[in-house]
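Okay, structure first, notes after.
One-based numbering, in listed order, for ligands and for the atoms of each. Heavy atoms only: backbone and side chains are in, while hydrogens, waters and symmetry mates are out. Sequence positions, counted from 1, serve as the residue numbers for this chain.
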Amino acid sequence: MSDGPKGLANGLTNYGDNDFSLYLRRSFASAMGYSREIMDQPVVGICSSPSNYNACHRAMPELVEAVKRGVLAAGGLPMDFPTISLGETFLNPTSLMYRNLMSMDVEEMIRAQPMDAVVVIGGCDKTLPAQLMGAANADVPVISLITGPMMTSPLDGERLGACTDCRRFWAKYRAGEVDAAGIKRIEGRLATTAGTCAVMGTASTMACITETLGMALPGTAAIPAVHADRLRAAEYSGRRAFELAVAPAADQLLPRQIMTPKSVENALRVLLAVGGSTNAIVHLTAIAGRLGIKIDLDRLNVLSDETPVLIDLKPTGEFYMEDLFAAGGLGTILRELKPLLHLDCQTVTGQTLGERLADEHPYVDRRVVRPMDDPIYAQGGLVALFGNLAPRGAILKRSAADPSLFEGEGRAVVFSSLDDLARRIDDPDLDLQANDYLVLQNAGPSAPAAMPEAGYLPIPRKLAEAGVKDMVRISDARMSGTAYGTIVLHVSPDAAAGGPLGLVRDGDRIRLSVAERRIELLVDAAELERRQAAMGPSIKPSPLRGYQKLYYDQILQADEGCDFDFLKAAD
Ligand code: FES
């Protein structure tokens with residue numbers, strides 16, 4: 001715990017003479033044009049990640065300026081610094097591979113540079129989790145500022161917004177319902193403003209989780225990226241960070257005092273109530289893991305049975321994030337969930353969650369946010385499955401799935417890798433029926449593909465053209481938060497790590513029971529043992545060096561948040 005702001009004198013560079021170190025630091029700070037007076041003020045760091053490779057962060061420079069305004073108005077010295085940026089659609093093999101790298105960047109730069117508090121600005125899918133993971137063990141107060149969702153865009157009388165509509169129209173294109181000229185026109189209208197995906201995808205889910213945890217200012221999760229309120233949220237975040245920087249030690253809230261087992265459970269409730277992204281369970285597990293808090297998938301199932309889906313947002317419903325903002329924001333959902341939440345959790349404002357909710361304006365648009373006694377879906381959006389196919393669990397987003405496929409048995413049609421999938425999925429000669437179960441192997445965290453969002457296997461073209469809209473699909477991959485379907489994901493351990501998913505062969509029978517939370521490969525144990533013995537060594541890209549080597553040496557499975565072992569809290 002800090003014993004008061006030290007400003008630029010925090011964490012001096014080691015030259016063996018502290019007075020010399022401070023003198024040298026101030027002389028270089030002078031080169032930035034700072035006066036000696038402002039150099040003596042408490043410092044609020046501003047951690048940002050604008051990049052031409054990250055359209056979701058396009059408005060970030062403006063947010064940085066607004067945070068600075070808040071810090072300056074309060075009497076502090078704002079100092080912004082960059083970290084790597086993770087633009088979801090620009091990274092190969094997948095942004096998840098680099099989430100842990102960004103978290104290390106954030107953690108080390110907060111620790112190594114002089115600051116008394118910090119505002120971390122993030123938005124695109126992996127950036128908010130990376131920042132919370134990196135900030136978890138910070139010894140200074142941290143406020144998370146969310147970039148906010150993009151606005152929808154009209155096309156032919158219809159509203160479009162990334163990325164559920166991206167997938168919907170791509171499915172139509174594959175089924176022959178949209179032609180090449182049409183899909184090109186749609187491509188230009190899916191993402192038309194700064195900000196994160198317009199639906200309750202991973203970015204928006206993580207925004208709701210961040211606000212629920214208490215790490216962001218109340219009411220800020222859903223403000224559109226281009227709305228003036230977003231700039232005001234930035235200014236207030238800067239001002240509040242300064243207040244925390246100068247607070248007496250007893251009042252100085254650190255991330256580990258805000259992100260606790262209770263606030264993590266609140267965040268899980270909200271994840272379930274917003275029908276949020278399956279990715280968020282991986283990220284929340286990783287964030288909690290940095291603080292020694294374990295998320296138990298059996299506990300997720302208990303919470304899921306108690307927590308209804310309350311909002312009608314895409315990918316499962318009708319509306320977009322801008323509609324949630326207009327409907328009253330995340331507070332509307334928190335107020336509905338109040339009887340289920342731990343209200344004594346601290347937030348960055350210094351209020352408890354309960355105090356915050358008592359202060360809120362009661363407006364809510366019931367078309368978008370339903371009451372507890374008239375929910376969209378009586379149970380939570382996500383459910384964990386276990387069985388001999390997924391000994392350490394798998395995730396199904398039941399709110400985005402077809403209930404008629406929840407109980408049953410199917411014949412496995414197996415794709416051994418993403419390349420195999422791409423090569424054969426549309427083969428007209430592929431032996432395939434609509435009630436088969438599609439299985440994708442070697443797309444988990446240990447595989448060369450590094451757990452891409454490939455779990456949304458396309459409906460094979462010949463079935464799509466025949467009108468098939470959904471099939472049971474099973475993999476160790478992830479799925480975009482904007483996708484939908486009866487899709488079993490995150491099968492752990494993954495095939496590349498020697499998990500049973502790698503033992504499935506064409507024609508095997510698989511049993512799925514969502515009611516029983518089971519997923520079973522109906523092959524006898526002796527045959528599975530024989531297949532296991534015949535398996536070669538696990539597949540890893542080679543040669544390995546640098547960060548990729550670190551990744552493949554250290555990556556943990558999905559049930560441990562795909563974090564690196566050495567970054568988790570020490571036992
Ligand atoms: Fe950045 Fe969807 S691509 S949030």
Side-chain angles (χ1 to χ4, degrees), residues 48-61 63 83-99 102 120-132 144-153 159-170 186-211 216 220-227 230 271 274-280 282-284 313-316 320-322 324-325 330 397 400 451-456 478-484:
S48 75
S49 53
S51 162
N52 284 170
Y53 291 101
N54 196 338
C56 306
H57 291 191
R58 199 187 83 195
M60 202 170 274
L63 290 177
T83 66
I84 61 166
S85 190
L86 305 179
E88 190 62 23
T89 56
F90 289 91
L91 288 158
N92 175 274
T94 162
S95 62
L96 181 64
M97 173 176 260
Y98 301 102
R99 182 202 63 183
M102 184 174 180
V120 294
I121 314 178
C124 194
D125 287 18
K126 307 301 175 295
T127 61
L128 280 176
Q131 290 179 333
L132 292 181
S144 183
L145 173 63
I146 298 152
T147 57
M150 67 174 73
M151 304 294 287
T152 56
S153 176
R159 286 199 297 168
L160 302 191
C163 221
T164 304
D165 294 327
C166 316
R167 293 171 200 287
R168 184 165 61 87
F169 282 108
W170 191 252
I186 289 160
E187 180 186 289
R189 306 305 296 171
L190 289 165
T192 56
T193 77
T196 52
C197 286
V199 300
M200 190 52 77
T202 304
S204 299
T205 307
M206 288 311 304
C208 292
I209 281 177
T210 303
E211 185 182 328
T220 56
I223 304 170
V226 295
H227 197 292
R230 179 59 63 194
L271 164 61
V274 300
S277 164
T278 48
N279 285 317
V282 174
H283 299 320
L284 189 56
L313 257 62
K314 290 176 191 287
T316 54
Y320 295 88
M321 281 300 284
E322 67 195 48
L324 176 61
F325 173 64
L330 178 68
K397 187 173 180 179
M451 208 180 184
E453 291 184 338
Y456 177 72
R478 294 176 299 118
M479 167 173 96
S480 165
T482 62
Y484 46 87

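- Side-chain contact, Glu322 with Thr152: a donor N or O sits under 3.5 Å from an acceptor N or O.
- Numbered from 1 in the order shown, with element, the atoms of ligand 1 that lie under 4.0 Å from a heavy atom of Thr196 read 4 (S).
- Which parts of ligand 1 touch Glu88 is read off a 4.0 Å heavy-atom cut-off, strictly below it: atoms 3 (S).
- At least one N, O or S atom of Cys56, from either the backbone or the side chain, sits less than 2.8 Å from atom 1 (Fe) of ligand 1.
- From Asp165, atom CG reaches atom CZ of Arg189 across 13.0 Å, with rounding to the nearest 0.5 Å.
- Of all the heavy atoms of Ala203, the ones lying under 4.0 Å from any atom of ligand 1 belong exclusively to the side chain.
- A cation-pi arrangement, defined by a distance under 6.0 Å to the six-membered ring centre and an angle within 45 degrees of its axis, is present between Arg167 and Tyr456.
- Residue Cys208 comes nearest to Met200 through the heavy atom pair SG-CE, 3.8 Å, listed as atom of the first residue, atom of the second, then distance.
- Taking CE from Met102 and OG from Ser95, the interatomic distance works out to 11.0 Å, rounded to the nearest 0.5 Å.
- Regarding atom 2 (Fe) of ligand 1, its nearest protein heavy-atom neighbour is Cys197 SG, 2.3 Å.
- The ligand atoms of ligand 1 that sit less than 4.0 angstrom from a heavy atom of Cys124 are 1 (Fe), 3 (S), 4 (S).
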